[in-house]
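I have placed the structure first, in the form of structure tokens, so that the comments after it can refer back to it.
Small disclaimer: the values here were computed from a predicted structure and weren't measured.
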Amino acid sequence: MSQPHRGRKSRQQLPIGVFDSGSGGLTVLKELQAQLPRESFLYFGDTANVPYGTQPQANILGYSRQILDWMTQYPVKMAIMACNTSSALALDAVRSEFSIPILGIILPGARAAAVQGKRIGVIATPATVASDSYQRAILEKNPQAEVFQVACPEFVPLIEGNLIHEPATLEIVRQRLQPLLEAQIDTLVYGCTHYPHLAPVIEELLPKSVHIVNPAVRMAAATAQELSILQLHTSRRPQRPRFFVSGCPKQFADLSKQWLGRRPWVDQVIFADGPETTPEISTADATAEKIVL
């Protein structure tokens with residue numbers, strides 16, 4: 001659906017939309033707020049459909065279209081695909097379908113890794129690894145680089161389940177990193193925005209010499225550049241970010257508090273052709289808006 005016509009000045013004041021399959025995109029939101037302190041943000045976590053990384057491309061494309069259609073109606077002036085899986089499988093298609101600028105996270109992270117390392121490890125969801133998006137982008141920038149990819153299907157469920165500090169998590173992460181350690185990588189790319197939440201575990205297992213690339217940092221810089229090119233920087237004070245999910249607001253609020261530093265107010269959006277489950281809502285969330293589309 002196309003965005004209604006707006007003058008450039010009025011568009012500048014709109015928020016930037018950020019979406020992810022769940023809480024992973026909060027790592028991107030944090031960097032965006034740090035690098036773009038005057039901008040306002042809207043965050044959408046598709047928690048009813050998480051994880052994306054083990055689903056077919058048709059599903060990911062459908063979810064992305066649904067979310068972007070909602071965002072353009074909100075409206076937002078730009079959308080950030082904070083999810084690597086949707087960036088790998090849906091970005092090219094949706095860019096031609098929507099009138100707002102849509103940025104993906106893979107290219108900024110891949111370019112940073114290509115400049116930094118020669119033996120580059122990528123940990124990502126199975127869908128992102130299968131797409132070879134990181135490998136192609138890295139080799140395009142640095143054809144001499146060697147890229148080693150490992151799919152980590154357990155990581156997102158562990159993070160969304162708030163199991164980061166469980167003893168079993170350390171062993172699972174150790175097993176997934178082992179092929180990269182054997183390959184003697186000098187650089188590791190977090191190929192999923194959820195993975196920086198696992199940084200304390202991952203960094204405990206990696207040699208100090210391995211440089212870590214968090215694409216969220218590069219994504220924020222790319223967003224700033226795009227806003228300048230399109231002359232869409234705002235001139236007003238930022239609004240407090242708004243949070244929306246397709247699943248349970250309480251679960252997302254409880255989980256994200258540890259990363260946001262506060263318990264956010266979270267509203268639920270139920271798409272008419274999606275699963276209409278009734279979430280558990282705490283007293284604090286009792287007046288949270290349930291938006292049915």
Side-chain angles (χ1 to χ4, degrees), residues 15-33 40-55 59-60 62-64 66-71 73-74 76 79-83 85-86 125 153-166 168-169 192-201 216 238-293:
I16 296 171
V18 181
F19 75 91
D20 183 71
S21 62
S23 64
L26 295 176
T27 61
V28 178
L29 178 64
K30 180 180 178 181
E31 292 296 336
L32 286 166
Q33 289 179 301
S40 299
F41 297 94
L42 174 157
Y43 184 91
F44 187 94
D46 193 12
T47 54
N49 297 305
V50 69
Y52 276 11
T54 54
Q55 298 192 52
N59 288 17
I60 306 307
Y63 302 150
S64 299
Q66 210 168 39
I67 295 164
L68 286 165
D69 190 48
W70 174 75
M71 281 188 169
Q73 294 178 65
Y74 185 85
V76 299
I80 309 296
M81 270 191 178
C83 175
T85 301
S86 57
T125 67
E154 308 92 345
F155 285 12
V156 171
L158 287 171
I159 294 163
E160 291 289 332
N162 204 16
L163 301 172
I164 295 172
H165 303 292
E166 294 296 317
T169 299
C192 173
T193 50
H194 279 79
Y195 295 177
H197 294 319
L198 276 174
V201 181
Q239 300 289 316
R240 200 167 195 176
R242 291 203 64 183
F243 296 89
F244 299 86
V245 294
S246 56
C248 175
K250 179 182 183 301
Q251 183 178 346
F252 180 87
D254 290 344
L255 177 65
S256 58
K257 179 182 178 181
Q258 60 189 302
W259 301 311
L260 295 174
R262 63 180 178 85
R263 192 177 190 278
W265 186 268
V266 184
D267 291 326
Q268 184 189 28
V269 175
I270 299 177
F271 297 109
D273 57 348
E276 298 195 19
T277 55
T278 302
E280 174 190 355
I281 301 178
S282 69
T283 303
D285 293 324
T287 57
E289 185 179 5
K290 184 184 292 185
I291 305 164
V292 181
L293 300 176

Which of F252, W265, W70, F271 passes ring-ring contact (aromatic ring centres under 6.0 Å, His included) with F244? Answer is W70
Any D20 side-chain heavy atom under 4.5 Å of F44 side chain
no
First locate atom CD1 of I16, then atom CG of L29, and finally report the distance between them rounded to the nearest 0.5 Å.
10.0 Å
Using the rule given for side-chain hydrogen bond (donor to acceptor under 3.5 Å, both in side chains), can you reason through Q258 versus N162, listing the C-alpha separation, both sets of side-chain angles and the distance that settles it, and then say yes or no?
CA-CA 10 Å; Q258 60 189 302; N162 204 16; 3.0 Å; yes
Can you tell me how far the CG atom of L68 sits from the OH atom of Y74, to the nearest 0.5 Å?
15.5 Å
Given 3.5 Å as the limit, does a donor-acceptor pair link the side chain of Y52 with the main chain of I60, or not?
no
Can you name the residues that form a ring pair (Phe, Tyr, Trp, His ring centres under 6.0 Å) with F19, not counting sequence neighbours?
none
Quick one: does F41's side chain get under 4.5 Å of Q33's, heavy atoms only?
yes
Approximate separation, where rounding is to 0.5 Å, of T27 OG1 and L32 CG:
9.5 Å
In sequence, state the C-alpha distance, the side-chain angles, and the governing distance for S64 and S86, and then conclude on side-chain hydrogen bond (donor to acceptor under 3.5 Å, both in side chains).
CA-CA 7 Å; S64 299; S86 57; 4.5 Å; no
So which atom in W259 and which in S23 form the shortest heavy-atom distance, rounded to 0.1 Å?
CZ3-OG, 3.6 Å
Is atom CD of Q239 surrounded by more than 12 heavy atoms (other residues, nucleotides or ligands) closer than 6.0 Å?
no
Euclidean distance, H197 NE2 relative to L255 CG, rounded to 0.5 Å:
7.5 Å
Which residue is it: V18, D267, L260, L42? I am looking for the one with a side-chain contact (heavy atoms from CB on, under 4.5 Å) to F243.
L260
Does the side chain of S21 reach to within under 4.5 Å of the side chain of T85, using non-hydrogen atoms?
no
Taking only residues two or more places apart in sequence, or in another chain, which ones meet E154 in a salt bridge (Lys or Arg N to Asp or Glu O under 4.0 Å)?
R176
Please indicate whether R262 has more than 12 foreign heavy atoms, meaning atoms of other residues, nucleotides or ligands, lying under 6.0 Å from its CZ.
yes
Just how far is it from atom CZ of R263 to atom OG of S256, taken to the nearest 0.5 Å?
8.0 Å
Is there a donor-acceptor pair under 3.5 Å between the side chain of T193 and the backbone N or O of A82?
yes
Would a 4.5 Å heavy-atom cut-off, applied to side chains only, mark V266 and Y43 as touching?
no
Keeping S246 on the side-chain end and T47 on the backbone end, is there a donor-acceptor pair under 3.5 Å?
yes
Hey, does I164 have a side-chain heavy atom less than 4.5 Å from the side chain of I159?
yes
Answer yes or no: is there a donor N or O on one side and an acceptor on the other, between the side chain of Q55 and the main chain of N49, under 3.5 Å?
yes
Between E31 and A216 the two heavy atoms that sit nearest each other are CB-O, 3.6 Å
Please check this pair: side chain of T169 against backbone of H165, looking for a donor-acceptor N/O pair closer than 3.5 Å.
no
Stepwise side-chain hydrogen bond (donor to acceptor under 3.5 Å, both in side chains) check, E160 with H194
CA-CA 9 Å; E160 291 289 332; H194 279 79; 2.6 Å; yes
